[in-house]
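Here is the naming used below: chain letters follow the sequence lines, and residue numbers restart at 1 for every chain. Quick caveat, the model's predicted, so the values are computed rather than measured.
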There are 2 protein chains.
Amino acid sequence: MKSITEIFKGLELTESEYTFIQERCQKLELSKGDILLEKGQPTLSQYYVLEGCLRSFFEDTHERDHTLQFAIHDWWISDYTAFFDGNPAVLTIESIQKTTVLEFSREAQIEIFENIPKVESFFREKMEHSFGAFQKRIINDLSKTAKEKYLDFLQTHKEIETHIKNYHIASFLGITTESLSRIRREIAKH
Amino acid sequence: MKSITEIFKGLELTESEYTFIQERCQKLELSKGDILLEKGQPTLSQYYVLEGCLRSFFEDTHERDHTLQFAIHDWWISDYTAFFDGNPAVLTIESIQKTTVLEFSREAQIEIFENIPKVESFFREKMEHSFGAFQKRIINDLSKTAKEKYLDFLQTHKEIETHIKNYHIASFLGITTESLSRIRREIAKH
DNA sequence: TGAAAAAATTGATCTATGATAAGAAAAGAC
DNA sequence: GTCTTTTCTTATCATAGATCAATTTTTTCA
């Protein structure tokens with residue numbers, strides 16, 4: 001069974017440290033379509049995906065949605081702006097298949113950091129990598145065509161791609177489903 | 001004279017802590033057009049802007065450049081992907097006017113963190129906010145028209161706008177200077 | 001397994017922004 | 001203060017991707 005021993009792999013935590021962490025997080029089971037975080041709500045937690053797939057998205061004023069992030073096994077997800085500064089969420093997080101997550105509240109996280117300092121470094125490193133991923137995403141958005149973005153997505157999200165509907169990929173790339181469909185035909189031809 | 005006392009305002013550091021930090025950073029004077037970091041180089045430092053203005057940008061395969069970030073007084077800048085994971089820089093950082101920065105190497109930073117822990121928390125918070133800014137930027141890129149992005153830029157970069165040429169703003173927004181010019185005319189009409 | 005719902009594709013047209021090419025305005029240099 | 005260079009604007013035309021409207025394919029589940 002997938003559990004917290006997996007999250008901190010590489011850290012070599014003791015039994016008691018694991019227990020300490022385990023007591024401060026909560027396992028949640030989600031069905032396809034369930035909403036884990038609703039925009040407008042306070043964002044008090046960060047989530048670790050054990051199994052399944054989530055996506056975070058932004059609904060614009062025209063009721064169109066724009067996917068910020070997908071998260072499968074071993075990924076973290078939240079509305080980080082909201083989580084960090086205490087504002088209500090601007091993102092919604094939904095389960096796009098049967099998913100199991102571990103929920104860590106801000107307080108739990110701080111308590112864990114204070115008691116097991118190497119977990120804080122672990123989190124900082126995770127965040128540094130996410131930061132890099134965001135930087136790369138912005139560069140891609142600025143410099144690539146829709147087709148190039150799609151090809152890049154297939155590369156960088158290899159393990160994810162099969163879980164996800166094309167209309168969600170389109171929403172991540174910032175194009176319509178129709179355009180994605182044409183791009184796919186283009187690619188298939190060659 | 002602007003100096004490191006300003007960087008960590010709110011932290012209430014002692015004289016000796018300031019000295020410790022001061023001995024581990026380096027003040028650099030840049031003229032307009034100087035390159036602080038060149039793509040392809042190892043990225044060993046992070047920079048704090050005392051005065052002036054820098055921009056980081058990405059050069060694509062068509063030799064077009066795309067601005068990721070501007071930094072004026074009291075902002076930090078680097079190629080964070082490169083800085084964090086040790087890869088060569090993909091970004092170039094140039095001075096777009098006479099600028100003074102403080103350079104902190106990765107090692108200096110770690111040494112400072114180890115000796116003055118509250119500085120580590122200070123940096124983590126800085127990074128959390130930058131993270132939020134990147135999240136917002138991606139959402140804007142996905143959901144807004146060029147005109148909306150420009151109006152948003154004027155809001156969020158109020159103090160910066162006067163330092164920056166329109167062609168750099170266009171490069172930040174992901175549009176051509178000609179398009180920006182049209183947008184500006186549009187806005188002026190109303 | 002077969003009907004209903006969801007997702008993907010296709011075609012025709014439209015539109016925002018890009019490309020190219022001048023010219024005008026502003027900023028710097030001497 | 002004028003000359004040169006840089007930056008900004010304008011006009012025209014081209015194009016990637018959006019929109020609208022079906023239709024086909026795939027998935028779901030009774």
Side-chain angles (χ1 to χ4, degrees), chain A residues 31-34 52-53 55 57 59-67 70 94-99 140-154 160-190, chain B residues 31-34 52-53 55 57 59-67 70 94-99 140-154 160-190:
Chain A
S31 304
K32 181 173 174 177
D34 284 357
C53 190
R55 77 172 184 121
F57 64 93
E59 266 179 274
D60 69 20
T61 42
H62 307 290
E63 283 172 1
R64 238 171 296 238
D65 72 53
H66 306 275
T67 300
F70 295 110
E94 69 165 1
S95 173
I96 60 177
Q97 51 184 237
K98 197 173 177 313
T99 300
N140 276 358
D141 282 350
L142 290 175
S143 65
K144 294 194 171 171
T145 63
K147 186 177 172 183
E148 289 169 333
K149 284 180 207 172
Y150 178 59
L151 290 171
D152 191 81
F153 180 87
L154 295 182
I160 271 189
E161 193 224 333
T162 50
H163 301 246
I164 297 176
K165 301 291 178 198
N166 284 338
Y167 62 82
H168 282 148
I169 296 177
S171 146
F172 179 91
L173 299 176
I175 59 176
T176 59
T177 38
E178 292 92 337
S179 287
L180 178 55
S181 187
R182 280 182 204 110
I183 287 165
R184 287 161 51 78
R185 179 175 45 174
E186 259 286 300
I187 291 168
K189 267 197 296 195
H190 304 294
Chain B
S31 303
K32 183 173 175 177
D34 283 358
C53 190
R55 78 171 183 121
F57 63 93
E59 266 179 274
D60 69 21
T61 43
H62 307 290
E63 284 172 0
R64 236 172 296 240
D65 71 53
H66 306 275
T67 299
F70 296 110
E94 68 166 1
S95 173
I96 60 177
Q97 51 184 236
K98 196 171 178 314
T99 300
N140 276 357
D141 283 350
L142 291 174
S143 65
K144 295 194 170 171
T145 63
K147 185 177 172 182
E148 289 168 333
K149 285 181 208 172
Y150 178 60
L151 290 170
D152 191 79
F153 179 87
L154 294 182
I160 271 188
E161 192 225 335
T162 49
H163 300 246
I164 298 177
K165 302 290 178 197
N166 283 338
Y167 63 81
H168 281 148
I169 296 177
S171 147
F172 179 91
L173 299 176
I175 59 176
T176 59
T177 36
E178 293 89 343
S179 287
L180 178 56
S181 189
R182 275 182 222 116
I183 287 165
R184 286 161 52 78
R185 180 175 41 175
E186 259 287 300
I187 291 168
K189 265 197 296 195
H190 302 295

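Between B:Asn166 and D:dC8 there is a side-chain N or O to OP1 or OP2 distance below 4.0 Å.
Straight-line distance from the CD1 atom of B:Ile96 to the C1' atom of D:dT6: 15 Å, rounded to whole Å. Distance CD (B:Gln97) to P (C:dA27): 14 Å, rounded to an integer number of Å. One atom, CD1 of A:Ile164, and another, C1' of D:dT27, lie 18 Å apart when rounded to the nearest Å. Following rounding to the nearest Å, B:Ile183 (CD1) and D:dT9 (P) show an atom-to-atom distance of 11 Å. Rounding to whole angstrom units, NE2 of residue B:His62 and P of C:dT20 are separated by 12 Å. Rounded to a whole Å, the CG atom of B:Leu173 is 10 Å from the P atom of C:dG18. Atom CZ of B:Arg184 is separated from atom P of C:dA25 by 15 Å (rounded to the nearest Å). Atom NZ of B:Lys147 and atom P of C:dT15 are 16 Å apart (whole Å).
Put simply, CD on A:Glu94 and CG on A:Asp65 are 7.5 Å apart, with the number rounded to the nearest 0.5 Å.
Here the side chains of B:His163 and B:Phe70 are not in contact, with every heavy-atom distance at 4.5 Å or above. Using a 4.5 Å heavy-atom threshold, the side chains of A:Arg184 and A:Asn166 count as touching.
For the pair B:Lys165 and B:Thr176, both in contact range of DNA chain C, the more 5′-proximal nearest nucleotide belongs to B:Thr176. Comparing A:Glu178 and B:Leu180 by the nucleotide of DNA chain D whose heavy atom lies nearest to each, the residue mapping closer to the 5' end is B:Leu180. Projected onto DNA chain C by closest heavy-atom contact, B:Gly174 and B:Lys32 fall at different nucleotides, the more 5' of which corresponds to B:Gly174. The residue among A:Thr145 and B:Tyr167 whose nearest nucleotide of DNA chain D is located toward the 5' end is B:Tyr167.
Residue-level contact check: B:Arg182 touches the bases, meaning some heavy atom is under 4.0 Å from a base atom. Across all strands, B:Ser181 comes closer than 4.0 Å to base atoms (heavy-atom distances).
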**Message:** Would B:Ile175 and B:Lys149 count as a side chain to side chain contact (heavy atoms under 4.5 Å, CB included) here? Give the steps.
**Reply:** CA-CA 10 Å; B:Ile175 59 176; B:Lys149 285 181 208 172; over 6 Å; no

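Comparing C:dT10, D:dT19, C:dA8 by their nearest atom to the side chain of A:Arg185 picks out C:dT10. Nearest nucleotide to the A:Arg64 side chain, out of D:dT19, D:dT9, C:dT9: D:dT19.
In terms of heavy atoms, B:Leu180 sits closest to B:Tyr150 at CD1-CD1, 3.5 Å.
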